[in-house]
Amino acid sequence: MDNDAFGLILQQKPARVLLAVSREGGTYASVISREIESTFSHTTNILGKLEEQGIVMFETDGSDNRVKRVELTQKGEATAALVEELSAVLDGKKTGKKGTAGKKTKKAASRKHALDFGEKLEMIKARIELISGEELEGKESISQEDYVRIGRRLGPYRRELRKIMGSGGKGDVKKARGLDGEIEKVFGERERLRG
């Protein structure tokens with residue numbers, strides 16, 4: 001047994017990072033740090049340790065070599081599945097018995113997935129409103145630096161919305177499209193105010 005990996009995964013924040021990457025199916029450190037309510041530097045430190053253990057890997061996103069997506073390796077997928085199962089057992093949601101429990105767990109997981117999307121959409125809506133207010137409200141013009149910063153702040157949320165549009169239920173997809181439209185409005189206002 002690799003005691004370093006075992007000890008790492010049994011800590012709260014690394015386990016939450018692992019599960020966040022698993023849920024997102026490949027995401028960004030900034031998204032994970034918001035989801036687990038941790039600082040960006042602490043999150044990237046944890047991701048670095050998980051990468052050393054062969055649990056996650058980083059891939060550059062498009063032509064910008066600075067932006068890297070985090071994805072689980074095969075070892076990471078197996079580890080995440082075990083951590084989810086352990087969490088379910090500890091929460092009393094799973095007893096390890098076979099039979100109808102598997103069906104109930106799948107239904108519960110489906111409901112939880114829908115709730116996760118709902119919570120995520122509410123969080124994204126609040127962030128769009130916050131960023132729009134902080135960056136654009138009451139301004140007659142913005143600098144090039146402001147223009148770029150707004151794009152960087154909203155970009156991860158737009159990517160999350162696109163993921164939801166690709167895998168969510170009808171209601172979630174509709175809400176995600178609406179929020180994507182809100183980001184588009186902010187981008188339009190950003191363009192109008194650009195100095």
Side-chain angles (χ1 to χ4, degrees), residues 1-62 64-121 123-124 155-169 172-173 176:
M1 177 188 309
D2 185 345
N3 287 328
D4 290 342
F6 186 73
L8 178 66
I9 295 303
L10 289 181
Q11 295 176 44
Q12 182 185 25
K13 288 287 184 176
R16 291 180 68 200
V17 167
L18 176 68
L19 294 177
V21 176
S22 176
R23 273 192 304 274
E24 299 299 328
T27 189
Y28 304 90
S30 58
V31 173
I32 296 167
S33 64
R34 280 191 300 273
E35 188 172 322
I36 69 165
E37 298 173 347
S38 180
T39 63
F40 180 76
S41 61
H42 186 57
T43 302
T44 55
N45 184 26
I46 291 169
L47 287 168
K49 290 177 181 176
L50 292 173
E51 183 183 33
E52 287 172 11
Q53 298 298 326
I55 294 170
V56 299
M57 62 184 170
F58 291 93
E59 291 187 3
T60 56
D61 192 17
D64 188 351
N65 289 332
R66 295 171 298 160
V67 179
K68 293 184 178 180
R69 290 178 59 82
V70 183
E71 298 195 19
L72 293 177
T73 61
Q74 275 189 315
K75 179 180 177 181
E77 288 173 7
T79 305
L82 290 171
V83 170
E84 284 178 18
E85 188 172 344
L86 175 61
S87 177
V89 169
L90 293 173
D91 289 344
K93 296 175 185 171
K94 187 173 181 181
T95 62
K97 294 178 183 175
K98 294 186 179 180
T100 59
K103 292 177 185 173
K104 289 179 185 175
T105 304
K106 285 181 184 175
K107 285 181 182 177
S110 178
R111 282 194 299 272
K112 184 179 183 322
H113 191 63
L115 289 173
D116 286 347
F117 275 154
E119 289 173 6
K120 192 174 286 190
L121 288 166
M123 184 271 299
I124 291 173
Y157 298 115
R158 190 159 224 192
R159 288 187 286 273
E160 291 302 309
L161 290 171
R162 298 243 163 96
K163 273 199 245 177
I164 293 171
M165 286 187 266
S167 62
D172 293 327
V173 169

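Because the structure is predicted, anything quoted here is derived from the model rather than measured. When reading the values below, keep in mind they use all heavy atoms of this one structure, side chains included, and skip hydrogens, waters and symmetry mates.
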How many angstroms lie between [atom1] in [X] and [atom2] in [Y], if you round to the nearest 0.5 Å?
{"X": "R69", "Y": "Y28", "atom1": "CZ", "atom2": "OH", "value": "4.5 Å"}
{"X": "H42", "Y": "N45", "atom1": "NE2", "atom2": "CG", "value": "7.0 Å"}
{"X": "R162", "Y": "M165", "atom1": "CZ", "atom2": "CE", "value": "5.5 Å"}
{"X": "E51", "Y": "T73", "atom1": "CD", "atom2": "OG1", "value": "10.0 Å"}
{"X": "M123", "Y": "L121", "atom1": "CE", "atom2": "CG", "value": "9.0 Å"}
{"X": "T39", "Y": "R34", "atom1": "OG1", "atom2": "CZ", "value": "13.0 Å"}

Presence of salt bridge, E160 and K163, under 4.0 angstrom: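 Between E160 and K163 there is a salt bridge, with a charged N closer than 4.0 Å to a carboxylate O.
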
Contacts of E71 that satisfy side chain to side chain donor-acceptor pair (under 3.5 Å) - sequence neighbours left out: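 Side chain to side chain donor-acceptor pair (under 3.5 Å) check on E71 returns nothing, list empty.
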
I46 and L18: CA distance, side-chain angles, deciding distance, side-chain contact (heavy atoms from CB on, under 4.5 Å) verdict: CA-CA 9 Å; I46 291 169; L18 176 68; over 6 Å; no

Taking every non-hydrogen atom, the tightest pair across [X] and [Y]:
{"X": "V21", "Y": "I32", "answer": "CG2-CD1, 3.3 Å"}
{"X": "T44", "Y": "A29", "answer": "CG2-CB, 3.8 Å"}
{"X": "E84", "Y": "S22", "answer": "OE2-OG, 3.4 Å"}

side-chain contact (heavy atoms from CB on, under 4.5 Å) evaluation trace for K120 with E35: CA-CA 9 Å; K120 192 174 286 190; E35 188 172 322; 4.2 Å; yes

